[in-house]
Number of protein chains: 2
Amino acid sequence: MQKFDYYTPTKVIFGKGTENKVGKEMKKDGAKKAYIVYGGKSAKKSGLLDKVEKSLKDENIEYKMIGGVKPNPRLSLAREGVKEAKEFGADFILAVGGGSVIDTAKGIAHGVANPDTDIWDFWEGKAKVEKSLPVGVILTISAAGSEMSNSAVLTNEETGMKRGLSTDFNRPKFAIMDPELTYTLPDYQVGCGVVDIMMHTMDRYFTDLTDCQNDLTDEIAESLLRIVIKNGRVACKNKEDYHAMSEIMWAGSLSHNGLTGLGAPMDFATHRLGHSLSAKFDVAHGASLSAMWPHWANYVKHKDIERFARYARNVWGITEGTDEELADKGIEATVEFFKSINMPTCFSELGIGIQDEDGLRELTNRCFYVKGTKVGKLIPLTEEDIYPIYVSANK
Amino acid sequence: MQKFDYYTPTKVIFGKGTENKVGKEMKKDGAKKAYIVYGGKSAKKSGLLDKVEKSLKDENIEYKMIGGVKPNPRLSLAREGVKEAKEFGADFILAVGGGSVIDTAKGIAHGVANPDTDIWDFWEGKAKVEKSLPVGVILTISAAGSEMSNSAVLTNEETGMKRGLSTDFNRPKFAIMDPELTYTLPDYQVGCGVVDIMMHTMDRYFTDLTDCQNDLTDEIAESLLRIVIKNGRVACKNKEDYHAMSEIMWAGSLSHNGLTGLGAPMDFATHRLGHSLSAKFDVAHGASLSAMWPHWANYVKHKDIERFARYARNVWGITEGTDEELADKGIEATVEFFKSINMPTCFSELGIGIQDEDGLRELTNRCFYVKGTKVGKLIPLTEEDIYPIYVSANK
């Protein structure tokens, strides 16, 4: 292990019925006027919002709500939230939902605390977050890991850019996680979550490991992957399996709080490839990742064939073959697993087909936030690397 | 996974030379007048304290120091520190050392923030910590995990009681970890640290698992144990192996920050058995644990033979035999490992021999903070359970 910083101040409150504690937790953090962010109707229909309202009323916390957050959350809604929350005088932002809701809440928190800055400036790197409001989370989707992570992703629908922002001000104060709240998710979303959780770890695991040897980080990453795969198979068949859903939920948080990549740089090229796809076609984040990873992996594997062989051995239990053969078998096993949980592994399985080079060039260009930079660490990818990866996926 | 809380707000700054950042980190936490706690001469001789002083001066942080903290840290020194730090007007406590120094610093922080309470009242449960001063850590010994943990252990030398206090106010603000700072430790202390780290995980791993199934927790615990064992063998031969020392250092923090036991109650009977021994004979904490664990394990193994068999398989790679045989082989492998790193596995190897029943009864009684309670979870131990465990160790 060489150098790293690790900072995960989020208090996790995990287990059945923990959502009823939300008012008490917010009180501890000094909340008096809360702005609540949620997604669709399910939070209302399931009775979750009623529970939240009761818990806040019990603690004399005033609140106002905004719903309608969609996957690949829009900048415009976050801006609207900033305006409303400011007018309301909010001192706390509560997210009730999954990654998109949480990321929108983070954006609103930054906006309220910095009234003179347009929040997209933070995402574009034109301004730096130096203060924010506290954010609390009641998690209803195991996937993004945003409930403990330092990142938040928004899509600017005017420019078609989907971008992440990393700052410790993105770390929520608390995350309430009740696996039962995830029972009502659509099957497709459970699958997307499993992929997303895997990819948060794999985008750290496959990276430039020059001068890095991180035994504990690597073994935790491999353990987490094995567990998500094992419980993912169960969860995709029975969403009411408390054990499987709870393992996936906790793995989702650990996968993206930093723990699974300590001591090495983060690659995250597959995330970038997927973001470009999601911003253009509005496909689900997890699905964009499963569609891109195999093509990325086949393009870069030669750079560290031992790593891909180790992945096959330690994650998939494949032991026979040369390192080259093991690497291929590990990638193939991943593809088969994605298919088995109905996740796409190429564009056509996503319902997308791009007919001309221009379309693929557009996706490629969108991966580069700043012209002339490179994407990823295992192989820092140029436009000439990324284009053939999209060509490979476009089948 | 059933229910758990997980809260680890400590910021970890890991890597070579990170001790030079201490002033900057303290500044971020608002420190103006720091009270520095350290142990023996090595912190001075090695030049570490000089670096700390320079870093604080660079940030215009005033400071005062107290040295002389010894293993099994004394309440009296902590009380002296409280008095001095109060007079100095300290607003921050900095620990430069290992678990004993950190625990003393935690005690001082509680004392300064609560001037009307004698700190031992917190340890005896007569008063509750509701506020404290911030504590920062520069870690020089990988062992106790106190740099991220919610616990602190002090010994009241007047009554001969060694007790732990668990509260989130014990979580340090930051922990600076430079593995190179551990190169100068005596061999014996490296071995003690390896045992201590293992036992923080094993005292969570072997517990009452009724209604608990924690895949991720268990696999992280097993990974951590394998890595500490592997790198412990290397470190005990070459303390200047950066890789081995860094893996052990990070494992030490994760082993006791909560991660390796989430979703199940904590047993910690071996710790209690060891504390009694340390308080009476002033033996090193790690040595007290290796001397007690095998005897505890043999006494309780029948309660969950499958768990002990799994431990043998997943930690030691032993695969042949019935569950009963595997359990025994796993315990035996642990004993052999302890011996291989010169750690004691019974009283005589600790240099202790108790001739009469009264001596063993005294050790037994000391395990019970409150008469009539029980110790541990796998089997909640009464005095009639603990006495034969000490008899077994007394050889």
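Reckoned from all heavy atoms, side chains included, excluding hydrogens, waters and symmetry mates. Every chain is numbered from 1, with letters handed out A, B, ... down the list of sequences.
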Legend entry - Residue-level contacts of residues 216-236 of chain A with chain B, using a heavy-atom cutoff under 4.5 Å: A/Leu216, A/Glu219, A/Ile220, A/Ser223, A/Leu224, A/Arg226, A/Ile227, A/Lys230, A/Asn231
Inset, instruction - Just jot down the salt bridge (charged side-chain N to carboxylate O under 4.0 Å, His left out) partners of B/Asp58, sequence neighbours excluded, or say none. - result: B/Lys54
Legend entry - Counterpart residues, salt bridge (charged side-chain N to carboxylate O under 4.0 Å, His left out), relative to B/Asp208 (two or more places apart): none
Inset, instruction - Start with the C-alpha gap between B/Met177 and A/Tyr6, add the side-chain angles, then the distance that decides, and say whether side-chain contact (heavy atoms from CB on, under 4.5 Å) holds. - result: CA-CA 11 Å; B/Met177 304 193 204; A/Tyr6 181 63; over 6 Å; no
Inset, instruction - Verify, without hydrogens or angle tests, whether A/Lys16 (side chain) and B/Lys3 (backbone) share a donor-acceptor contact under 3.5 angstrom. - result: no
Legend entry - Distance, nearest 0.5 Å, that separates CG of A/Asn257 from OG1 of B/Thr8: 7.5 Å
Legend entry - Pairs where residues 169-179 of chain B contributes a residue and the test side chain to side chain donor-acceptor pair (under 3.5 Å) is met, not counting sequence neighbours: B/His110-B/Asn170, B/Asp168-B/Arg171
Inset, instruction - Would you indicate whether A/Asp211, at its atom CG, is surrounded by more than 12 heavy atoms from other residues, nucleotides or ligands within a distance under 6.0 Å? - result: no
Legend entry - Within 6.0 angstrom of A/Tyr7 OH, more than 12 heavy atoms from elsewhere: no
Legend entry - Heavy-atom pair with the smallest gap, counting every atom of B/Glu247 and A/Gln213: OE2-O, 3.4 Å
Inset, instruction - Could you pull out the closest heavy-atom pair between B/Leu262 and A/Trp250, with the gap in Å? - result: CD1-CZ2, 3.3 Å
Legend entry - Contacting region of B/Tyr242 [heavy-atom separation from chain A under 4.5 Å]: side chain
